[in-house]
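Note that the structure is a prediction, hence the values are computed from the model and not measured. Residue numbers start at 1 and run along the sequence shown.
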Amino acid sequence: MKWWLKTIFNVGSKMELNANFDDRIVINTRNNNWVPSPVKGIERNMLDRLGAEFARATSVVRYAPGSSFTPHEHPLGEEFLVLSGVFSDEHGTYPEGTYVRNPPGSTHHAFSDQGCEIFVKVHQFDRADANRVVIDTKQVAFRQGLVPGLQVLPLHEFGTEHVALVRWAPGTRFQPHTHWGGEEIFVIEGVFSDEHGDYPAGTWIRSPHMSVHNPFSNPGCLIYVKVGHLTDCPRQNEL
């Protein structure tokens, strides 16, 4: 077990993994363990989790070709980005690069004919965040960012939460800044960096409320970014 992966432990049926949201967490999913799901052919690369099977959770999920998950409900929503392959349900087919939000109370029967990997967050929506979102990010133009070399594709916003893909040209640097409400990053391509380290493709970073960093990318990268969503998360003294 790597030093940055907090201990997984069970209290009754509740699992806690990286469940103190005051902690900064960095996990290279390509070096992390895959855990079988309750369904054959589907595995989870678990990043954070608080709860039982219906948990607040962030994971990379891998579907073997021809695998199918049991029809299920998302009481507090589901958000996912298809990292490779093709993911499907009864509502559609989602190739690599597709971003989907299924609102609170939604149900689906998920499967993958050819196999896929998805970055997925469940049970984390505001109940009023009720719009379904489907974006093929490979078919949508990015906007100019705040500094030269930075391009941004907004994906969703609700209240203080903002989600986007951000493309960094080689050699791009951003100014030091503070994350009110915290920040999550998943590195999709290339290498993302800040004063704390270098993060290759497959790395997940969760930085707490009011954290500060000075990001850059020497070779260039593409990252998923979510900010402003960690103010209401459990703290250590609440666990």
Side-chain angles (χ1 to χ4, degrees), residues 29-30 34 37 39 41-48 57-74 76-126 129-143 145 150-158 161-168 183-190 192 200-206 220-227 229:
T29 63
R30 296 183 180 179
W34 290 93
S37 80
V39 178
I42 300 175
E43 299 175 294
R44 296 165 173 163
N45 199 319
M46 301 170 77
L47 304 176
D48 67 26
T58 303
S59 311
V60 176
V61 179
R62 180 164 64 191
Y63 284 69
S67 58
S68 175
F69 205 85
T70 310
H72 56 282
E73 180 185 5
H74 294 290
L76 282 179
E78 173 193 53
E79 169 190 22
F80 64 86
L81 177 68
V82 183
L83 302 174
S84 64
V86 179
F87 178 84
S88 300
D89 62 17
E90 67 271 37
H91 307 298
T93 298
Y94 316 105
E96 178 181 332
T98 305
Y99 174 77
V100 177
R101 292 178 72 94
N102 291 318
S106 58
T107 61
H108 70 160
H109 181 192
F111 62 94
S112 181
D113 289 335
Q114 71 177 59
C116 66
E117 286 189 15
I118 62 174
F119 173 72
V120 58
K121 299 177 68 65
V122 296
H123 211 66
Q124 301 181 31
F125 286 22
D126 186 304
D129 188 359
N131 291 331
R132 186 168 190 265
V133 176
V134 179
I135 300 173
D136 184 346
T137 67
K138 294 183 179 295
Q139 302 298 321
V140 182
F142 282 61
R143 305 174 185 174
L150 209 64
Q151 293 184 307
V152 180
L153 176 58
L155 298 174
H156 183 72
E157 62 179 64
F158 185 88
E161 176 185 323
H162 297 264
V163 188
L165 295 187
V166 183
R167 182 177 289 132
W168 298 64
E183 178 189 55
E184 278 185 70
I185 289 174
F186 188 88
V187 183
I188 302 167
E189 301 171 2
F192 176 79
T203 303
W204 176 74
I205 309 159
R206 192 188 72 202
C221 64
L222 176 66
I223 61 174
Y224 158 100
V225 183
K226 182 197 286 278
V227 296
H229 62 301

**Student:** State, to 0.1 Å, how close Val187 and Gly190 come at their nearest heavy-atom pair, and which atoms those are.
**Tutor:** CG1-O, 3.8 Å

**Student:** Kindly give the heavy-atom pair with the smallest separation between Ser112 and Gly115, and that separation in Å.
**Tutor:** OG-N, 2.9 Å

**Student:** Which value, rounded to the nearest 0.5 Å, describes the distance between Leu222 atom CG and Trp168 atom CH2?
**Tutor:** 12.0 Å

**Student:** Rounded to the nearest 0.5 Å, what separation is found between the OG1 atom of Thr29 and the CH2 atom of Trp34?
**Tutor:** 6.5 Å

**Student:** Looking only at non-hydrogen atoms, find the nearest pair between Ala164 and Pro154 and report the distance.
**Tutor:** CB-CA, 4.0 Å

**Student:** Check the side chains of Tyr94 and Asp136 for a donor-acceptor pair under 3.5 angstrom, ignoring hydrogens and angles.
**Tutor:** no

**Student:** How would you list, by chain and number, every residue that makes a ring pair (Phe, Tyr, Trp, His ring centres under 6.0 Å) with Phe125, sequence neighbours excluded?
**Tutor:** none

**Student:** So, do Arg101 and Asp129 sit near enough that their side-chain heavy atoms are less than 4.5 Å apart?
**Tutor:** yes

**Student:** Nearest 0.5 Å please: distance from the CD atom of Glu117 over to the CD atom of Glu43.
**Tutor:** 9.5 Å

**Student:** Quiz question: by atom type and distance under 3.5 Å, do the side chains of Ser68 and His109 form a donor-acceptor pair?
**Tutor:** yes

**Student:** Does any donor atom in the side chain of His156 or Asn131 lie under 3.5 Å from an acceptor atom in the other side chain?
**Tutor:** no

**Student:** Testing Val225, Val166, Thr203 one by one against Ile185 for a side chain to side chain contact (heavy atoms under 4.5 Å, CB included), which residue passes?
**Tutor:** Val225

**Student:** Under a 3.5 Å threshold, yes or no: a donor from one side chain and an acceptor from the other, between Arg132 and Asn102?
**Tutor:** yes

**Student:** Below 4.5 Å, heavy atoms only, C-beta onward: do His74 and Ser106 meet side chain to side chain?
**Tutor:** yes

**Student:** Is the closest side-chain heavy-atom distance between Glu79 and Val163 below 4.5 Å?
**Tutor:** yes

**Student:** Which atoms form the tightest heavy-atom contact between Glu183 and Val227, and what is the distance?
**Tutor:** CG-CG1, 3.8 Å

**Student:** Could you tell me the separation between the CD1 atom of Ile188 and the CG atom of Leu165, rounded to the nearest 0.5 Å?
**Tutor:** 5.0 Å

**Student:** Any side-chain heavy atom of Asn45 within less than 4.5 Å of one from Ser59?
**Tutor:** no

**Student:** I'd like to check Val86 versus Asp113 (side-chain heavy atoms, cut-off strictly below 4.5 Å). Are they in contact?
**Tutor:** no

**Student:** Working note: Tyr99 + Val134, criterion side chain to side chain contact (heavy atoms under 4.5 Å, CB included); need CA distance, chi angles, decisive distance, verdict.
**Tutor:** CA-CA 6 Å; Tyr99 174 77; Val134 179; over 6 Å; no

**Student:** Between the side chains of Asp48 and Thr58, does any donor sit under 3.5 Å from an acceptor?
**Tutor:** yes

**Student:** Is there a side-chain contact between Ile42 and Val61 (heavy atoms, below 4.5 Å)?
**Tutor:** yes

**Student:** Report yes if the side chains of Thr137 and Leu155 come closer than 4.5 Å at any heavy-atom pair, otherwise no.
**Tutor:** yes

**Student:** Sequence neighbours left out, what passes ring pair (Phe, Tyr, Trp, His ring centres under 6.0 Å) with Tyr224? Give chain and number order.
**Tutor:** Phe119

**Student:** Centroid-to-centroid, Phe111 to Tyr63, below 6.0 Å?
**Tutor:** no

**Student:** Quick check for you: to the nearest 0.5 Å, what is the distance between Arg143 atom CZ and Leu150 atom CG?
**Tutor:** 13.5 Å

**Student:** Could you check whether Lys226 pairs with Glu161 (Lys NZ or Arg NE/NH1/NH2 to Asp/Glu carboxylate O, under 4.0 Å)?
**Tutor:** yes

**Student:** Identify the two heavy atoms, one from Leu83 and one from Val60, that lie closest to each other, and give their separation to 0.1 Å.
**Tutor:** CD1-CG1, 4.1 Å

**Student:** Does a side-chain N-to-carboxylate-O contact under 4.0 Å join Glu184 and Lys121?
**Tutor:** yes

**Student:** Using side chain to side chain contact (heavy atoms under 4.5 Å, CB included), reason through Arg44 and Ser37 one step at a time and then give a plain yes or no.
**Tutor:** CA-CA 6 Å; Arg44 296 165 173 163; Ser37 80; 4.0 Å; yes

**Student:** Nearest 0.5 Å, what's the OG1-CZ distance between Thr98 and Phe87?
**Tutor:** 11.0 Å

**Student:** Would you say the ring centers of His108 and His72 fall short of 6.0 Å from each other?
**Tutor:** yes

